[in-house]
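Just so we're clear, the structure is a prediction, and the values are computed from it rather than from any experiment. Side chains included, hydrogens not; waters and symmetry mates left out as well; all remaining heavy atoms used. Lettering of chains follows the sequences in order, A, B, ..., and the numbering in each one begins at 1.
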Amino acid sequence: MSEDTLPISQRAAAAPPYLATLNPEQRAAVEALDGPVLVLAGAGTGKTRVLTTRLAHLLSTGRAKPWSVLAVTFTNKAAREMRERVEVLLGPGGGGLPWLGTFHSISARMLRTHAELVGLKNTFTILDTDDQIRLLKQIIEAENIDEKRWPARQLAGLLDSWKNRALTPDRVPKNEAFQFADGAGVKLYTLYQQRLKILNACDFGDLLMHMIDIFQRHADVLETYHKKLSHLLVDEYQDTNVAQYLWLRLLAQARKNLCVVGDDDQSIYGWRGAEVDNILRFEHDFPGAQVVRLERNYRSTGHILAAAAHLIAHNRGRLGKTLFTDDELGARVKVRGVWDGEAEARLVADDIEAWVSATLPLPLAGRGLGGEGRANAQTPDVSDRPSSPTPPPLGRRIYSDCAVLVRAAWQMRAFEERFLMLRIPYKVIGGPRFFERAEVRDAHAYLRLIRSEDDDLAFERVVNQPKRGVGEGTVQKLHAHAGKPQVRFVTDHGPLFDAETGEVVTAQDEAPGGATRFRSMVAAARELVLTDELPLKAKTALRAFLNDLDRWRELSRSVSHVELAETILDESGYTEMLRNDKSPQAQTRLENLKELVQSMGQYDTLEAYLEHVSLVLDIEAESEGENVQLSTLHAAKGLEWPLVFLPGWEEEVFPSKRSIEESGEKGLEEERRLAYVGITRARERAYISFAANRQIYGRWQTVLPSRFIDELPPANVDAISETGYAMQAGGVREAAARFDAYAPGAGFNSAYQSPGWRRAQENAGKRGKPPMLEGEARLIAKSGDEDSHYQRGDRIFHQKFGYGLIRAVEGNKLTVDFDKAGEKRVIDSFVIPASAA
DNA sequence: AGCCCTGTCCTTTTT
DNA sequence: GGACAGGGCT
């Protein structure tokens, strides 16, 4: 209802128009402006809408100023979306919102202003995981710990878990202190933190931990933020970890104007320290908190919602919500069994093709494409969905209506291959991030090294990239020399040389924090180059490299940072190296570098650019064209699609084996929440599938349907097989029995040929590959399976050696003549076309 | 130093 | 199927 439909007498008193589109619960959540508020928002109940409207309401009622609202999200994307939607409500003049961002970006900003309080300079670098691991590796090696037995990765995980709980080295509980390398854990942690200080760097966890430290030790600093920030808003509160909780509590404690929004059923980040407890405990932590439940779902049709609700009800210890929808029942959730991962990919691709070529019913009225927070049913107004700037005409089906959501990233490959073969456009959500690509990181390392010579990690990354003959041996020597304690930095400008002898002036010096300060790698190189300790070749190469660095640093004073980057990439031989690289990736890498140089132009200085890369910027051209969306379940949170495919519902895959092994019942419940998140992404159709055979670690394995399939409510599920793909006995008895329950009469090898299958053969032919065998079904016997029934004369297909003819069968061993190599091999793990007989 | 081959581990999920 | 380490060779 819009304002001008109201009687004139009521207009003056009428609420702002944005409130009129809310339902009573949403409105209650928006209008409770002060005091602690907990909004329990089930999937698809308009959570983001409430958050953004509340923020807009705070501003337009004058209760808060744009610069006094702290609004925290977990991802940059969510932050961006929130900002855009507030602007839609209030107009772009709405004003800046400087404190809207992720926990990490906001905290990084705060830390820049108070860095010296924790012994950092305000130019500190933020290390990414890669840097972090390499640093830890060095520390582990320096401590003479076997890095193979105690991998740096594991240590990184341990440190993370401590930092997630805001445990500085001195606060690590005694019983945990000995978890790594027979008791070296805390010692390594301490050394690592010292190294970080020397490098003037911090990692992701430090951003929050340092700020908590500062807030706790410096009441005056905390007070300035209490004065500055009048209202706090937190998205996805169920995903906060202890550190984030402490950070928030410290900031909120003075005014208590804290509003958190979340859903305990969607807590899926336990493994990175998220504490569902935070949301379960909110009322206790903030007495007098108002609690608003949002239970009316505007996203999914009835069957889908019911299936999800029934599944999640298997979890214990929930706050409990009863989601409901006034929407129609729609289609039941489809559960389908298939032969193997390839068949699954074929099936999904075929369904997608059928969808876009309009052989499936039209989308339901009023259901367009959109991001999260589809317009409330009472106002099916396209302008209400700012997240999709150009909504396609209703009723037109496009690839981006479809999403394939997998448990783990490796499961995407089968779908990518299939989509490529069929020329189905797809996009991987949150795929390899631009700034994590090797070439981009190399370029950054050069720039970091120009900015600051002390950046040892950057130095090591690029001394021999491109190859210039400075190998590992030389780097080792540099390390040894840099670590020699006779000589210390006396100043921040590097080691002092005696003007007469060229020798280094020695001195003992302690860096702040008690860490002994050694030379940087560059400084060590400068010294060693003057000696005879290096082989001539390495020495010359190193000297040339040092000269390059000096020249570029000089250059950086006179030219723009963009030009500088271009020069470096050119003169270092990096671009040339890529141009000479014949591999197919080299081209993309060159393009990435071009894009990098371009994106640098958006920043005024090199400093500004480098400060933003690690956290804020994600270059992912958000051009969500007409692509099928491929995503992990985790990355799919907050998104929605008309069609959602949920493949790989098999025991040990989903629920993941590790999750249960490591966290038992708790882990299983989190997996179940993940399943819940998956199903609730679907608006109109959810397709769950499981395979009987799957390649794991490149080995074929027989797998069982996921227990979650059994937990779905039969009334809302269609368990059928449309595939016609063969299910044959042998090695998969149990799976097959269960398959039969879901897919009665699936039949044997009916040589089903989908349109997609035919196209695949055509395309394969075009590319010069032999077309696949018609109606090929594959049986994979595990080695040691007494039921193998291959016979002499059968043609088989082997993963590694291709097609061949069985010459002899002895027990489980087959002797095969392979077409390609013309060789005879004994095989005990094989794949056979069922139609081979 | 650097390349290529072989064998050994793996793999959740991300700011 | 792929990352990575170690060995052997140029």
P spacing across the pair dT13(B) / dC4(C), given as an integer number of angstrom: 15 Å

Between Lys77(A) and dT14(B), is there a contact of a side-chain N or O with OP1 or OP2 at under 4.0 Å? no

Residue list, side chain to side chain contact (heavy atoms under 4.5 Å, CB included) with Arg109(A), at least two apart or on another chain: Pro98(A), Trp99(A)

Heavy atoms only, 4.0 Å cut-off, all strands: where does Gly205(A) land among base, sugar-phosphate and nothing? nothing

Once side chain to side chain contact (heavy atoms under 4.5 Å, CB included) is applied, do any residues pair with Ile660(A), and if so which ones, sequence neighbours excluded? Pro655(A), Leu668(A), Arg707(A)

Which is true for Thr632(A) with a 4.0 Å heavy-atom rule: it touches a base, it touches only sugar-phosphate, or it touches nothing? sugar-phosphate

Quick test of the criterion, 5.5 Å between centres and less than 30° between planes. Is Trp271(A) stacked on dT13(B) or not? yes

Strictly by salt bridge (charged side-chain N to carboxylate O under 4.0 Å, His left out), give each pair with a member in residues 200-209 of chain A just once, sequence neighbours left out. Lys163(A)-Asp203(A), Lys163(A)-Asp206(A)

May I have the distance from Gln465(A) (atom CD) to dA1(B) (atom P), rounded to whole angstrom? 15 Å

Find the distance Arg153(A):CZ to dA3(C):C1' and express it as a whole number of Å. 11 Å

Has Ser656(A) got a side-chain N or O lying under 4.0 Å from the OP1 or OP2 atom of dT11(B)? no

Phe124(A) vs His210(A), ring pair (Phe, Tyr, Trp, His ring centres under 6.0 Å): CA-CA, chis, key distance, verdict: CA-CA 13 Å; Phe124(A) 63 83; His210(A) 283 327; 8.2 Å; no

N or O in side chain of Ser105(A) less than 4.0 angstrom from dT15(B) OP1/OP2: no

Calculate the interatomic distance between Arg658(A) atom CZ and dC9(B) atom C1'; express it in whole Å. 13 Å

When you get a sec, tell me which of dA5(C), dG1(C), dA1(B) is the closest nucleotide to the side chain of Lys137(A)? dA5(C)

In whole angstrom, give the distance that lies between atom CD of Glu662(A) and atom P of dT13(B). 13 Å

For Leu159(A) and dT14(B), give me the distance from atom CG to atom P, rounded to whole Å. 21 Å

Rounded to the nearest Å, what distance is computed from the CH2 atom of residue Trp247(A) to the C1' atom of nucleotide dT15(B)? 13 Å

Ion pair check, Arg672(A) and Asp265(A), cut-off under 4.0 Å: no

Out of dT15(B), dT13(B), dT11(B), which has the shortest distance to the side chain of Trp410(A)? dT11(B)

Counting only side-chain N and O atoms of Arg413(A), is one of them less than 4.0 Å from OP1 or OP2 of dG1(C)? yes

If the condition is side chain to side chain contact (heavy atoms under 4.5 Å, CB included), which residues does Glu275(A) pass it with, not counting sequence neighbours? Val242(A), Asp277(A), Asn278(A)

Might you list the N or O atoms of the protein lying below 3.5 Å from N or O atoms in nucleotides 8-10 of chain C, with each pair's distance?
none

Does Glu417(A), at its CD atom, have more than 12 non-hydrogen atoms belonging to other residues, nucleotides or ligands within less than 6.0 Å? yes

Which nucleotide in the set dT13(B), dT14(B), dG1(C) lies at the smallest distance from any side-chain heavy atom of Ala409(A)? dT13(B)

If you restrict it to nitrogen or oxygen atoms, what contacts under 3.5 Å exist between nucleotides 2-8 of chain B and the protein, and what is each distance?
from: dG2(B); atom 1: OP1; to: Gly469(A); atom 2: N; distance (Å): 3.2
from: dG2(B); atom 1: OP2; to: Asn464(A); atom 2: ND2; distance (Å): 3.0

Closest of dT13(B), dT15(B), dA1(B) to the Pro535(A) side chain is dA1(B)

Using heavy-atom distances to pick each residue's nearest nucleotide on DNA chain B, tell me which of Ser663(A) and Ala538(A) is more 5'. Ala538(A)

How long is the line joining CD of Glu670(A) and P of dT14(B), in whole Å? 12 Å

Report the distance from atom OH of Tyr269(A) to atom C1' of dT15(B), rounded to the nearest whole Å. 9 Å

Looking at Asp532(A) and Lys539(A), does any basic side-chain N land under 4.0 Å from a carboxylate oxygen? yes

Can we call the ring centroids of His314(A) and Tyr676(A) under 6.0 Å apart? no

For Tyr269(A) and His634(A), take the angle between the two ring planes, folded into 0 to 90°, and tell me which bin it lands in: parallel under 30, tilted 30 to 60, perpendicular over 60. tilted

Taking all atoms of both residues into account, what is the closest heavy-atom pair of Glu670(A) and Trp271(A), and its distance? OE2-CD1, 3.4 Å

Measuring from the side chain of Thr474(A) (C-beta onward, heavy atoms only), which nucleotide among dT13(B), dG1(C), dA1(B) has the closest atom? dA1(B)

